[in-house]
Amino acid sequence: MLRAATPAGWRLALRQEWALDCHSALIHQTPPLTPVSAAISLSEEEAALLAAELKQQLRCGDRPPGDQELIQKMVAGLGDPRGLMRLTFAESLGAVGPAAVPALCQALRTHANVTVRRAAAKTLTLIGDPVALPDLLAALLNDPDPVVQGSAVGAMAATGECAVEALIAVLSNAESTSMHLGLASWGLAFVGARAPEALRRAARSADTEVRTAAIAALGEQIQSLDDEQARGLVIEALADPADQVRAEAATLLGKLHDPIWASPLLQPLLRDRSEQVRKNAALSLMKLRALDAITELEVALAAEASDQVKPVLQVSLQQLRNHQQAVDDR
């Protein structure tokens with residue numbers, strides 16, 4: 001959904017998304033959304049005139065004035081049936097910045113038009129103001145539209161470290177749905193290296209879902225910051241009592257492009273009690289082109305009893321043998 005953590009990246013992501021779309025105390029404190037009708041509406045002609053004026057201001061590098069009447073009109077424009085028109089209003093509200101956040105949050109929580117709610121969440125992504133976090137969390141948990149939920153998590157992630165505790169609260173709440181868990185995990189991974197201390201704490205949480213999501217999010221921290229503490233947490237996760245945490249750690253090792261470090265850690269996992277861990281370890285060894293693991297994979301394949309795991313071991317072994325042959329032929 002979102003492709004970059006910089007302001008320019010958010011804007012590019014928003015443009016691409018709109019172009020395609022032109023046609024747990026913390027949790028218990030978030031009341032359900034009750035959509036209501038908008039107080040202000042614009043005719044198509046009024047929207048076109050206002051959008052033209054705003055577009056000219058943006059081209060000249062001028063920030064639209066932050067008076068509430070104009071902000072409410074721009075928010076109403078987020079419901080325009082023309083996608084590029086909505087984009088103009090979104091970018092203009094993004095240029096207004098924090099002054100537009102209350103109106104956008106109100107629209108996100110209460111507007112009857114799902115198009116407006118989606119656009120409000122995407123626009124809050126441009127602003128990245130932590131003030132919006134309670135409303136974004138409420139949208140994630142309560143809005144019936146999955147696009148609104150996903151866009152709300154994207155806007156939460158745009159606030160950086162401020163979003164971590166809220167995302168962890170979702171992950172650790174027994175009432176969270178699989179959709180909530182997946183989106184919160186994605187949001188935590190997107191925050192990545194911008195919240196190193198929070199992620200380290202989460203990696204040692206008592207909650208399995210939180211540990212799993214935190215381990216998945218440590219990749220950027222290791223690659224961007226060469227964080228030795230984060231590496232240590234991944235090694236700890238390989239011995240975690242929860243199968244899903246070990247499986248996530250095995251997958252992460254395959255993404256770090258460091259076979260010298262990762263291969264000796266992955267090879268013992270080919271004998272793990274969990275089928276998923278054994279599969280993930282084999283796939284990661286294949287991704288890393290870990291030629292030193294060929295013998296261990298051969299032994300593991302000969303001993304493997306699961307029909308689910310055998311094909312994965314065979315594919316990984318064959319790919320590594322092919323790579324070995326290519327190296328020998330050079």
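Heavy atoms only: backbone and side chains are in, while hydrogens, waters and symmetry mates are out.
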(request) Please name the pair of heavy atoms, one in T88 and one in L58, separated by the smallest distance, quoted to 0.1 Å. (result) O-CD1, 4.3 Å
(message) Can you confirm whether P65 sits close enough to Q57 that some side-chain heavy atom of one is under 4.5 Å from a side-chain heavy atom of the other?
(response) yes
(request) Mind checking the OG-CG spacing from S43 to L49? Nearest 0.5 Å is all I need. (result) 8.0 Å
(message) Rounded at 0.5 Å granularity, tell me how far NE2 in H323 sits from CG in D328.
(response) 10.0 Å
(request) Compare all side-chain heavy atoms of L171 with those of S185 and state whether any distance is below 4.5 angstrom. (result) yes
(message) Closer than 4.0 angstrom, basic N to acidic O: yes or no for R117 and D145?
(response) no
(request) Could you tell me whether E304 and K279 make a salt bridge, using a distance below 4.0 angstrom between a side-chain N and a carboxylate O? (result) no
(message) So L124 and D129, do their side chains get closer than 4.5 Å, heavy atoms only?
(response) no
(message) As a quick check of understanding, evaluate side chain to side chain contact (heavy atoms under 4.5 Å, CB included) for L70 and L50, giving each step before the final call.
(response) CA-CA 9 Å; L70 178 58; L50 179 56; 3.8 Å; yes
(message) As an exercise, state the distance from CZ of R86 to CZ of R118, rounded to the nearest 0.5 Å.
(response) 9.0 Å
Do any side-chain atoms of residues 218-229 form donor-acceptor pairs under 3.5 angstrom with protein atoms, and if so which ones, sequence neighbours left out?
from, atom 1, to, atom 2, distance (Å)
Q221, NE2, D227, OD2, 3.0
Q223, NE2, K255, O, 3.4
S224, OG, E220, O, 3.0
D227, OD1, Q229, N, 2.9
D227, OD1, A230, N, 3.0
D227, OD2, R200, NE, 3.3
D227, OD2, R200, NH2, 2.4

(message) I'd like to know whether R211 forms a salt bridge (Lys or Arg N to Asp or Glu O under 4.0 Å) with E236, so could you lay out the CA-CA distance, the side-chain angles of the two residues, the decisive distance to 0.1 Å, and finally the verdict.
(response) CA-CA 11 Å; R211 292 201 308 282; E236 286 181 26; over 6 Å; no
(request) Identify the residue among N280, D272, D240 that makes a side chain to side chain donor-acceptor pair (under 3.5 Å) with R246. (result) D272
(message) Looking at every non-hydrogen atom in both residues, tell me the closest pair between R63 and A95 and how far apart they are.
(response) NE-O, 3.0 Å
(message) Using 0.5 Å steps for rounding, measure from the OG atom of S306 to the NZ atom of K310.
(response) 8.5 Å
(message) With heavy-atom distances below 4.5 Å as the criterion, would you say the side chains of D80 and L42 are in contact?
(response) no
(request) Kindly write out the residues that satisfy salt bridge (charged side-chain N to carboxylate O under 4.0 Å, His left out) with R201, not counting sequence neighbours, or none if the list is empty. (result) E165
(request) Might you point out which heavy atoms bring V75 and V116 nearest each other, and give the distance in Å? (result) O-CG1, 4.2 Å
(request) Heavy atoms only: give me the nearest R194-A157 pair and the separation to one decimal. (result) NH2-O, 3.3 Å
(request) Would you name the heavy atoms of L266 and L285 that are closest together and state the gap between them? (result) CB-CD2, 3.8 Å
(message) With a 4.5 Å cut-off on side-chain heavy atoms, are L188 and V210 touching?
(response) no
(message) When you compare the side chain of L238 with that of V277, does any pair of heavy atoms fall below 4.5 Å?
(response) no
(request) Flag yes if more than 12 heavy atoms outside R231 fall under 6.0 Å of its CZ atom; otherwise flag no. (result) yes
(request) Mind checking the CG-CZ spacing from L233 to R204? Nearest 0.5 Å is all I need. (result) 5.0 Å
(message) Suppose we screen for salt bridge (charged side-chain N to carboxylate O under 4.0 Å, His left out). Which residues come up paired with K73, at least two apart in sequence or across chains?
(response) E69
(request) Could you pull out the closest heavy-atom pair between L269 and A250, with the gap in Å? (result) CD1-CB, 3.9 Å
(message) Less than 4.5 Å apart, side chain to side chain, heavy atoms only: is that true for L93 and I71?
(response) yes
(message) Contact between R271 and V299 at the side-chain level, heavy atoms closer than 4.5 Å - yes or no?
(response) no
